[in-house]
Structures are given as structure tokens and as C-alpha cells.
Amino acid sequence: MADVIVIGAGVGGLAAALRLRAAGHRVRVLERRAHIGGKLDVRQRDGFCFDIGPSLLTLPSLFDDLLRGCSTSLADEVDLVRLDPQIRHWWPGGGTFDSRNDPAGTAQAVEELSPGAGSAYRSFLSRGERIWEVSERSFLAGPMTVGPSLIRRLRSPRDLVTIDPLRTLDRVARRAFTDPRLVQWAGRYATYSGSSPFRAPATLACIPAIEARFGVWYPRGGMGALGAALGRVAERAGVVVETGAEVAAVEADGAAVRGVRTVEGVRHRAQVVVANVDAEHLYLDLLPDPEWLERARRAHRSMSAFVVLAGVRGSTPGIAHHMVWFPADQAGEFRQLVDERTFADDPTIYACVSSLTDPSQAPAGHENWFLLVNAPSGRSIDRDAYQRLVLERLASRGVDLRARLCFTEVIAPDDIADAYRSPGGSIYGTSSNGWRAAFLRPPNRGSHRGLYLVGGSSHPGGGLPLVAISGRIVADLVRADGW
């Protein structure tokens, strides 16, 4: 059994730590911030509570499997609510529909929005289910190193046809739906990895199928309850977690790592180092390596976000826990975001009001509004002016919060970059733009023997389910490498 250091107590780092501890290794997690969870983060003010990172949970079975390896379960640790409706959608030209917990109910809602489209929705979902089945047993079952192990996971060349990596999500959505509103709906799932539907592969069509089949979930007490559960279980399992412990360097002797050194000069010796940090930060600052840094930079950054947190008096009619307001011109929005790398004039607005489901998240008679629009990474903007634009756009779409605001706070790309050492404020690490994106991500095996990467910048990418999978992949690699 090995001594293991995990750098960073984000979800990927905690997932790896739990699996490695369950395998018998001695595991220490070093987290530079004062609390664990990484981007699974929470902001509190005046009795309001906001999830400022992930705002929903999909594929809870991944976390249940993780916790069962530590003699507990997700149900034992977290009180989950399966949301229905999952998400409510609006369009400026008219029309709305709810993604329901029951796919048949969603198909009916789609049919009411666009007569004749219900069958197209069911076909789109079936296609996504086939993509998920292949992806789960192939690309998500291990590292993305091209070689015999990956080839064995692909049962036949037809698997590559099924996952459809060469066409864009927008292209297949246009073939599936004649109603441009449903094309926009399908394309929004590219943003689940901070990507553009006009560049991301059609493989991402599996995401709405995953939500339809496995549900959209909310932990009572907020998404931070999931991070707290991982921390509790880690402590019970014997993982040592140190907060306020910033790693200054990964130390190596020749081709192998030997441990880490903190900014205070404390050295922790270890045969295995798991880096739950952005790969660019790892190879630029912690273990400088020009060749591996260049490889890390070949992977495109995901988009960032501009977030408005709003404490709101009173109740808003007609809203749901999760909502999306689409713009009239989605192509123009992503042209600005991705091609011109500017903030969109008329952005898609996503909102989460978790106090509808969980009254503990806001004072009585109030709502906690989390508003998010996509933003280019590495770009700054006049915060006050863009907040006004977001609130004005929301008002023009029928929900005017401005007269009922108790307060607002803005989180911009530079805040995200500073808080999480995420280059440019990329919220998902690397994007899925381009058919080669999965192969360009930094590999889970690092530059030195005993060094492994988890989290959104490495395989398989960002988002709660994928970073949990990265923890499993790394634990399997540690075992395969003989530690």
C-alpha cells in the first residue's frame, strides 16, 4: 500500500481519495482554501443561501457507488429530491415547455409546444440513450490513451458511428427537429461542458437522455450538502483532510514523484500524488514541465460564466426550481462568446431558485435567485453595466426582479479564476469543442511515475458526474500501476 497525497479537495479529489482509502492506501488531502468541495461551493448572506457552482445532480448512482465502497450510501448521507419539472424553458417569440421527470410527460409537453414534434423528441432521446450506452462502457470506463485497452472497450467500429463525434450537436438537432426552438433546447446541452453547440460533438446528445432516464436531483440543504457528505465519509474512512494547506510544489526524483511541499515549507512524502488542480496550473507552477504544459494548453478552455446572486422579496408566479430563457438568436450569442470572445448582447439566461423546493435556502417570504449567463474565459467586463443588462433582458422576457431586490452580488470570470485557480475562469476546465476534444485533454496519468490527474481539465472532463468518474479512473490506474 502507498502513501498518497491528493492536492485539492474538489469532488474529483475527494472521489479519488475515498476510492484509494477503500483500497487500503494511506491518503492525505491538502486543500488550500478554508473549506472542501472545490467548485461545489456555497455563498451565504442575510439568511439567503446560494449554490454558486453546480446547481443540480445527475447520475446519483455514481456517488452511491462511491460511498458504498466506504460502507455507507448516498441515501444514508444526503436527502435527495427528484425534481419535477426538471427545467422550465421559455422563448422570446412565445412558447414554453417543461422537461418532466417522466419522459412521456416531456414528449407531451413538446407536442403541445410544437405539434408533431413529440415523436421527434422520443427519437432524439432514443439516440441519446444509445450514445450513453456506448460511451459509458468505452470512453468513460478508463483512460483515453489510444491503445489496446481503449480499442477493447470499443466492441466494433459501429460504436464510433453511434457516438457520432464528427457531427456537431447543432447539426444533429437540426436534422431531428424542424422547430428552431427545439434546436435551441437541444443545443443548450453543449453548455453543460462549457462548450458551443456549433462546435461540440453530437455525442453530447446523451445528456438529455441521461436526465430523462435517471432524473434531475437536488439535495436538501443545497448542493453543498453533497460536498459535506463526501467530507464526512472521508473523515470516517480515515482520510486525513487538511484545509488551509496550499501546495507550492510537487517534488520529483528523476522520473517519479516523491511527494509535495506546501507554501509553509512542510514536506509530505508520498509515492502517489493525485492532482485535483487544473493541468495548466500543475505543469506551469507545481511541477514545471514545458512539454507537458504545451500539451495541456492544446485542450481548449471551457467557457466561463457571469453570475448574479439576488435576494428577492416576495414570490414570483409561474417559475420553477430550474429555468432557461432563450434569446432570439442563439447563433449570434455563440458567435460573440466563442468566435469574437466577447460577452453576449442577448444571452441565454439560466436561473435556479432552490428556495421553491427547499425553504431553508431563503428567509420566509423571499426567494434566492441564481442567474447565470455564459461568458468568454479570460475576459473582463463592467460588472454593474452587465448586471443591469442581464436583469433588463430577464425583465423583457417577463420576469422583472428589479423592484423586489434585497441585494445582488456578481461573480465574474476573474473571480472564478482567483477562487479556483482555473485559467481564465473556465468553469468546466476543458471544453468539448471539436471532435478531437476528448483526445486533447491532459491524460489521467501525469508526466512522472506516481502522478495522476483528476478533475475537469483532464479526462473525461467537467461536471459532477464526470469528475466523479475521473476519481474512479485514477483509482483504477493506481492499482493497475502496482501501487
Side-chain angles (χ1 to χ4, degrees), residues 9-11 14 31 33-58 60 63 74-75 77-88 215-233 241 243 305-317 319-324 349-373 383 387 390-391 394 399 401-402 404-412 415-416 418-420 422 425 427 463-464 467:
V11 171
L14 291 172
E31 168 56 51
R33 304 180 78 202
H35 55 275
I36 66 171
K39 292 175 184 171
L40 191 65
D41 212 345
V42 175
R43 186 72 54 85
Q44 294 180 328
R45 175 174 170 177
D46 300 341
F48 293 86
C49 187
F50 303 90
D51 293 315
I52 62 173
S55 59
L56 57 83
L57 176 64
T58 55
F63 290 91
L74 187 60
E77 303 295 337
V78 178
D79 182 10
L80 286 181
V81 179
R82 188 165 183 162
L83 297 178
D84 190 18
Q86 297 177 340
I87 305 174
R88 182 162 293 163
V216 167
W217 301 78
Y218 168 79
R220 289 199 183 276
M223 293 296 294
L226 177 61
L230 297 178
R232 286 196 308 273
V233 175
V241 180
T243 56
F306 185 92
V307 172
V308 179
L309 307 178
V312 177
R313 291 184 295 272
S315 58
T316 309
I319 63 171
H321 189 121
H322 298 291
M323 296 161 285
V324 175
I349 300 174
Y350 164 75
C352 174
V353 186
S354 61
S355 58
L356 290 180
T357 301
D358 185 353
S360 73
Q361 300 299 285
H366 294 71
E367 296 170 340
N368 64 333
W369 280 74
F370 170 92
L371 297 165
L372 179 148
V373 301
R383 294 164 177 249
Q387 174 184 272
V390 171
L391 292 174
L394 184 62
V399 180
L401 303 177
R402 291 171 294 182
R404 297 192 286 126
L405 294 172
C406 300
F407 64 84
T408 61
E409 289 187 18
V410 166
I411 302 172
D415 298 315
I416 296 168
D418 291 342
Y420 309 110
S422 179
I427 52 177
L464 283 177
V467 297

key: All ring-ring contact (aromatic ring centres under 6.0 Å, His included) counterparts of F63, not counting sequence neighbours   =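 Testing F63 for ring-ring contact (aromatic ring centres under 6.0 Å, His included), a comparison that skips the adjacent residues, returns none.
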
request  = Go through the structure and list residues passing ring-ring contact (aromatic ring centres under 6.0 Å, His included) with Y420, not counting sequence neighbours.
outcome  = none

Quick one: closest heavy-atom pair of [X] and [Y], and the distance?
| X | Y | result |
| --- | --- | --- |
| P60 | L74 | O-CD2, 3.5 Å |
| S354 | N368 | OG-ND2, 2.9 Å |
| V78 | P219 | CG1-CB, 3.4 Å |
| T408 | Q387 | OG1-OE1, 3.0 Å |
| D46 | P363 | O-CG, 3.7 Å |
| L14 | A9 | CD1-O, 3.6 Å |

ask   = Charged N to carboxylate O below 4.0 Å: is that the case for R33 and D41?
value = yes

Is the shortest heavy-atom distance from the side chain of [X] to the side chain of [Y] under 4.5 Å?
| X | Y | answer |
| --- | --- | --- |
| I87 | V216 | no |
| V353 | M323 | yes |
| L309 | I411 | yes |
| L372 | I349 | no |
| L371 | V307 | no |
| D51 | Y218 | yes |

Listed partners of [X] passing salt bridge (Lys or Arg N to Asp or Glu O under 4.0 Å), at least two apart:
| X | answer |
| --- | --- |
| R82 | none |
| D358 | none |
| R402 | D400 |

note = For residues 220-232, the salt bridge (Lys or Arg N to Asp or Glu O under 4.0 Å) pairs (sequence neighbours left out) are E77-R232, D79-R220

task = For the pair I52 and V42, evaluate side chain to side chain contact (heavy atoms under 4.5 Å, CB included) and give the outcome as yes or no after the intermediate values.
result = CA-CA 6 Å; I52 62 173; V42 175; 6.0 Å; no

Do side-chain atoms of [X] reach the backbone of [Y] as a donor and acceptor pair under 3.5 angstrom?
| X | Y | value |
| --- | --- | --- |
| E31 | I36 | no |
| K39 | I427 | yes |
| E367 | W369 | no |
| D415 | A412 | yes |
| R404 | R313 | yes |

key: Point-to-point distance, once rounded to the nearest 0.5 Å, from CG of L464 to CH2 of W217   = 15.0 Å

query = To the nearest 0.5 Å, what is the distance between CD (Q86) and CG (L56)?
reply = 9.0 Å

message = Here's one to test your reading of the geometry: is the NZ or CZ of R45 within 45 degrees of the ring axis of F50 and under 6.0 Å from its centre?
response =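 No, R45 does not sit over the ring of F50.
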
message = side chain to side chain contact (heavy atoms under 4.5 Å, CB included), that's the test. Do H366 and F48 meet it? Break it down for me.
response = CA-CA 9 Å; H366 294 71; F48 293 86; 3.7 Å; yes

task = Would you sort out whether H322 and Y350 count as a side-chain hydrogen bond (donor to acceptor under 3.5 Å, both in side chains), showing the intermediate values?
result = CA-CA 8 Å; H322 298 291; Y350 164 75; 2.7 Å; yes

